[in-house]
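What follows is a short report on a single structure.
Note on naming: letters A, B, ... go to the chains in the order of the sequence lines (proteins, then strands), and numbering restarts at 1 for each one. Side chains are part of it too, since the values below use all heavy atoms of this structure and drop only hydrogens, waters and symmetry mates.
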Amino acid sequence: MTTAGEQQGPIRIDTLGDWRRSDYCGALRASDIGRELLLMGWVAGRRDHGGIVFIDLRDRTGIVQIVLDPDDSPVAHERAHALRSEYVVAVKGKLTARPEETRNPALPTGEVELRVSEIRVLSTSRVLPFPLDDETEANEAVRLKHRFLDLRRPRLTSNLMARHRATTAVRSYLDGKGFIDVETPILTRSTPEGARDYLVPSRVNPGMVYALPQSPQLFKQILMVSGFDRYYQIVRCFRDEDLRADRQPEFTQIDIEMSFVGQEDVMALTEGLLVAGAKAIGAPVPETPFPRMQYDEAMRRFGTDRPDTRFGLEIVELSDLMRESKARILQSAVERGGIVAGILAEEGKQLSRRELDELVAWVQTLGAGGLAWIRAAEDGWQSPLAKFFDEGEREKICERTGLRTGGVLFLVAGPRTHALQVLGQLRLRLGHMLKRIPEGQWNYLWVTDFPLLEYNLEAKRLSAVHHPFTAPKDEDLERLGTEPESVKAQAYDVVLNGTELGGGSIRIHRPDVQAKLFEALGIDETQQRQQFGFLLDALSFGAPPHGGIALGLDRLCMLWLGESSIRDVIAFPKTQKASDPMSEAPSAPNAAQLRELGLRFVVRE
RNA sequence: GGGGUCGUAGCUCAGCUGGUUAGAGCGCCGGCCUGUCACGCCGGAGGUCGCGAGUUCGAGCCUCGUCGGCCCCGCCA
């Protein structure tokens with residue numbers, strides 16, 4: 001950038017006048033040759049030969065080549081020298097076939113070009129802070145500060161247009177199935193459990209706050225009680241938790257609830273919706289019904305409740321073989337009620353000693369006791385634990401896991417759930433390292449039969465795995481009071497390639513069952529009234545059996561479009577610190593605002 | 001709350017073991033150029049090495065702190 005570049009230059013800005021666009025740039029084809037056109041767009045590139053000038057004109061549909069030839073119009077040609085990147089221009093002219101040898105097969109519009117008879121310069125541009133091509137990936141902070149420019153990049157433009165097609169298809173699909181789009185409040189009340197809330201102080205109720213919804217859960221259930229029967233909403237949700245590549249503080253859910261249905265009905269509907277969405281966005285259309293897997297099996301084989309089933313490297317348990325082992329670390333884990341389990345990498349030979357050491361160190365950062373490995377080399381086992389295993393044990397281990405020469409077996413010992421989760425993460429990492437994850441495969445999967453409750457170590461009480469309105473399986477109902485942790489929920493998650501797309505459940509519609517669940521959760525009657533009174537009221541006035549699901553629209557679009565960050569399918573996303581470099585949100589409130597709200601900030605040490 | 005990584009020209013990045021005047025490509029500015037499409041050729045401008053302390057004769061490079069981007073753990077019913 002130079003000072004000269006900051007000047008707008010002597011170029012004259014024209015008015016739009018009565019000019020109106022006749023066509024979009026990206027749609028022009030050989031069939032349009034001969035037409036008189038009026039195009040409007042941004043200067044995406046300029047090749048000025050002095051005697052003849054080529055302009056790449058871009059709008060949201062694509063790029064078409066514009067030719068400014070003094071033989072066509074000396075005036076337009078003369079003005080073309082002053083054009084710069086991202087100037088906005090309108091051009092009038094005739095669409096012609098490009099001379100045979102100058103066609104550009106890389107461009108959908110490469111067979112044609114517009115020969116300009118008249119040009120209007122509608123707007124100029126400062127020099128760009130970063131190039132707008134799809135190749136150079138500028139620093140995210142710079143991109144977000146100038147999001148209006150970032151969004152001009154063809155990839156982001158087409159991502160947002162594709163997202164629009166998906167949401168349109170979803171609305172049309174749900175409308176066709178008789179669903180009613182109903183809006184629910186953004187200013188609502190905080191509910192306990194779940195994520196941290198974003199709070200909004202109420203001016204007219206000093207000392208009181210609203211919470212932004214983490215999801216419209218209670219409202220959609222109430223709509224069922226009200227008899228709407230089938231509800232949907234494409235709705236913003238807010239969770240004040242730390243961000244990830246696939247997580248934003250505000251995100252969009254496709255929220256669905258329906259009455260007089262069971263789990264299978266919701267799942268079938270969801271599959272149809274995903275088919276419609278995938279079709280509209282141009283992603284491979286999944287086959288239905290999707291495969292199913294019970295939660296217990298997912299944990300046992302994949303160490304997670306959202307397994308990526310595109311590759312093997314499954315978990316194998318070895319606890320029974322280690323009960324008597326001389327390898328104390330492994331043996332004692334079993335003795336204490338934990339497990340020993342492993343993952344076999346058949347092609348583990350390609351992992352260097354250094355990579356193995358890095359894996360061991362990495363697993364330790366996950367909070368696991370440690371990671372042991374056994375490398376089956378030509379001349380015997382190489383392993384920190386090798387000396388502890390006799391011939392018989394080695395044979396059994398090989399038999400159980402399939403370990404053979406060239407392979408590496410990874411072992412983790414510890415409390416069951418934790419060991420499995422660590423292995424689940426190790427599995428993903430190995431999948432990447434060994435390039436085992438196939439591109440172009442789309443494994444949709446239902447995970448079912450979640451436990452209803454789990455023991456929360458921090459809170460020292462049971463908490464809901466899904467949420468406290470999830471119905472237990474009918475046959476498990478009576479165990480709610482006696483063995484609550486054995487009760488399964490009528491809950492289901494849909495997973496794509498190891499990413500959770502969404503989840504739902506059949507809800508509790510009977511006040512007596514809901515009360516039992518609150519009891520199991522240790523929420524007393526006063527708290528119940530205070531926190532969920534309105535839902536309990538609603539359930540007591542004739543609630544239909546109902547259930548639903550919520551799907552993460554941003555994540556869906558991200559996966560469907562092959563993006564690795566949710567930010568690239570959201571027009572105005574936030575950084576990892578939940579800030580927006582463009583608008584500079586969040587910002588400090590001024591004194592008058594604080595006074596009016598009756599707030600005072602206390603500086604945290 | 002924690003771990004990792006990055007921050008040098010508008011952008012992407014190089015910069016050795018701490019040592020003279022901090023480089024490249026692209027972009028930008030000026031000139032030339034009638035079939036380019038990553039146009040080409042000639043010339044030029046452009047730097048708070050994120051910021052602040054410290055060590056040192058000397059810091060882009062070492063130390064500490066801090067700010068910011070990204071990835072991950074915890075967290076996200």
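- One can place CD1 of A/Ile66 at 14 Å from C1' of B/U36, the figure rounded to the nearest angstrom.
- Here A/Arg567 reaches the OP1 or OP2 of B/C71: one of its side-chain N or O atoms lies under 4.0 Å away.
- Within the 4.0 Å cut-off from OP1 or OP2 of B/G69, at least one side-chain nitrogen or oxygen of A/Thr575 is found.
- Using Watson-Crick or G-U wobble geometry with both donor-acceptor distances under 3.5 Å, B/G40 finds its partner in B/C32.
- Comparing the C1' positions of B/C71 and B/G25 gives an interatomic distance of 28 Å, to the nearest angstrom.
- Both distances falling under 3.5 Å, in either a Watson-Crick or a G-U wobble arrangement, occur for no nucleotide opposite B/C49.
- Among the heavy atoms of the strands lying under 4.0 Å from A/Glu140 are primed sugar atoms or P, OP1, OP2 only; no base atom is included.
- In terms of heavy atoms, A/Glu111 sits closest to A/Ala30 at OE1-CB, 3.7 Å.
- Nearest heavy-atom pair across A/Val495 and A/Pro307 is CG1-O, 3.7 Å.
- Of all nucleotides present, none satisfies the Watson-Crick or G-U wobble test against B/U20 with each distance under 3.5 Å.
- Contacts of A/Asp48 with the nucleic acid, taken as non-hydrogen atoms under 4.0 Å apart, include base atoms.
- Between A/Cys25 and A/Thr109, the shortest heavy-atom distance links the atoms O-CG2, 3.5 Å.
- Ring orientation note: the planes of A/Phe469 and A/His467 are tilted relative to one another, at an angle of 30° to 60°.
- Between A/Phe532 and A/Phe518, the ring center distance clears the sub-6.0 Å criterion.
- Within the structure, every side-chain polar atom (N or O) of A/Ser564 is placed at least 4.0 Å from both OP1 and OP2 of B/C71.
- A cation-pi arrangement is present between A/Arg427 and A/Phe311 under the rule of less than 6.0 angstrom and at most 45 degrees off the ring axis.
- Taking only side-chain nitrogens and oxygens, A/Arg244 never comes nearer than 4.0 Å to OP1 or OP2 of B/C75.
- Note on A/Gln425: only backbone sugar-phosphate atoms sit closer than 4.0 angstrom, heavy atoms only; bases stay farther off.
- Remark: A/Arg98 is not in phosphate contact with B/C37, judged by side-chain N or O atoms under 4.0 Å from OP1 or OP2.
- In this structure, NE2 of A/His49 is placed 13 Å from P of B/C33, rounded to the nearest angstrom.
- Across all strands shown, A/Gln421 has no heavy atoms under 4.0 Å from either base or sugar-phosphate atoms.
- Across the protein-nucleic acid pair, A/Glu250 atom CD and B/C76 atom P stand 20 Å apart, rounded to whole Å.
- Atom pair A/Asp56:CG and B/G35:P shows a separation of 17 Å (rounding to whole Å applied).
- Of the C1' atoms belonging to B/G46 and B/A53, the separation is 30 Å, rounded to the nearest Å.
- Taking atom CG of A/Leu128 as the reference point, atom P of B/C11 lies 12 Å away to the nearest angstrom.
- To the nearest whole angstrom, the two C1' atoms, one in B/U66 and one in B/G30, are 43 Å apart.
- The aromatic rings of A/Phe534 and A/Phe219 sit tilted, their planes meeting at an angle between 30° and 60°.
- Nucleic acid contact class of A/Thr470 (heavy atoms, under 4.0 Å, all strands): none.
- Residue A/Lys577 places at least one side-chain N or O closer than 4.0 Å to OP1 or OP2 of B/G68.
- Among the atoms of the strands shown, only primed sugar atoms or phosphate atoms (P, OP1, OP2) are found under 4.0 Å from some heavy atom of A/Pro131.
- In terms of polar N and O atoms assigned as donor or acceptor, the side chain of A/Arg247 comes within less than 3.5 Å of the base of B/C75 in a complementary pairing.
- For the pair A/Lys574 and A/Gly50, nearest-nucleotide mapping onto RNA chain B gives the more 5' position to A/Gly50.
- Within 3.5 Å, no donor on the side chain of A/Glu137 pairs with an acceptor on the base of B/U12, nor the reverse.
- Contacts of A/Asn139 with the nucleic acid, taken as non-hydrogen atoms under 4.0 Å apart, involve only primed sugar atoms and P, OP1 or OP2.
- One atom, CZ of A/Arg115, and another, C1' of B/U36, lie 13 Å apart when rounded to the nearest Å.
- Residue A/Pro70 is classed as a base contact, given a heavy-atom separation below 4.0 Å to a base.
- Residue-nucleotide stacking is not present for A/Phe130 and B/C11, judged by a side-chain ring centre under 5.5 Å from the six-membered base ring centre and planes under 30° apart.
- A/Thr157 is not listed as a side-chain neighbour of A/Arg153, based on a closest heavy-atom distance of 4.5 Å or more.
- Partner assigned to B/G25 is B/C11, using Watson-Crick or G-U wobble distances below 3.5 angstrom.
- Of all the heavy atoms in A/His77 and A/Leu68, the pair that sits closest is CD2-O, 3.2 Å.
- Side-chain N/O atoms of A/Arg196 and base N/O atoms of B/G74 include no donor-acceptor pair closer than 3.5 Å.
- In this structure, of B/C72, B/G35, B/G69, it is B/C72 that holds the atom nearest to the side chain of A/Ala245.
- Across B/C72, B/G35, B/G10, the shortest atom-to-atom separation from the side chain of A/Pro129 is found for B/G10.
- In this structure, the CG atom of A/Asp242 is 13 Å from the P atom of B/G69, given to the nearest Å.
- In this entry the distance linking CZ of A/Arg46 with P of B/G40 reads 13 Å, nearest Å.
- Distance from the side chain of A/Ala141 is smallest for B/G69 among the nucleotides B/C72, B/G69, B/C37.
- Toward the 5' end of RNA chain B, the nearer of the two residues A/Gln217 and A/Asn104, judged by each one's closest nucleotide, is A/Asn104.
- Between the side chain of A/Glu113 and the base of B/G35 there is at least one donor-acceptor pair of N/O atoms closer than 3.5 Å.
- No engagement by A/Asp133 is indicated, since no non-hydrogen atom pair under 4.0 Å with the nucleic acid exists.
- A close approach under 4.0 Å does occur between a side-chain nitrogen or oxygen of A/Arg47 and OP1 or OP2 of B/C39.
- Taking atom P on both nucleotides, B/A9 is separated from B/G52 by 16 Å, rounded to a whole Å.
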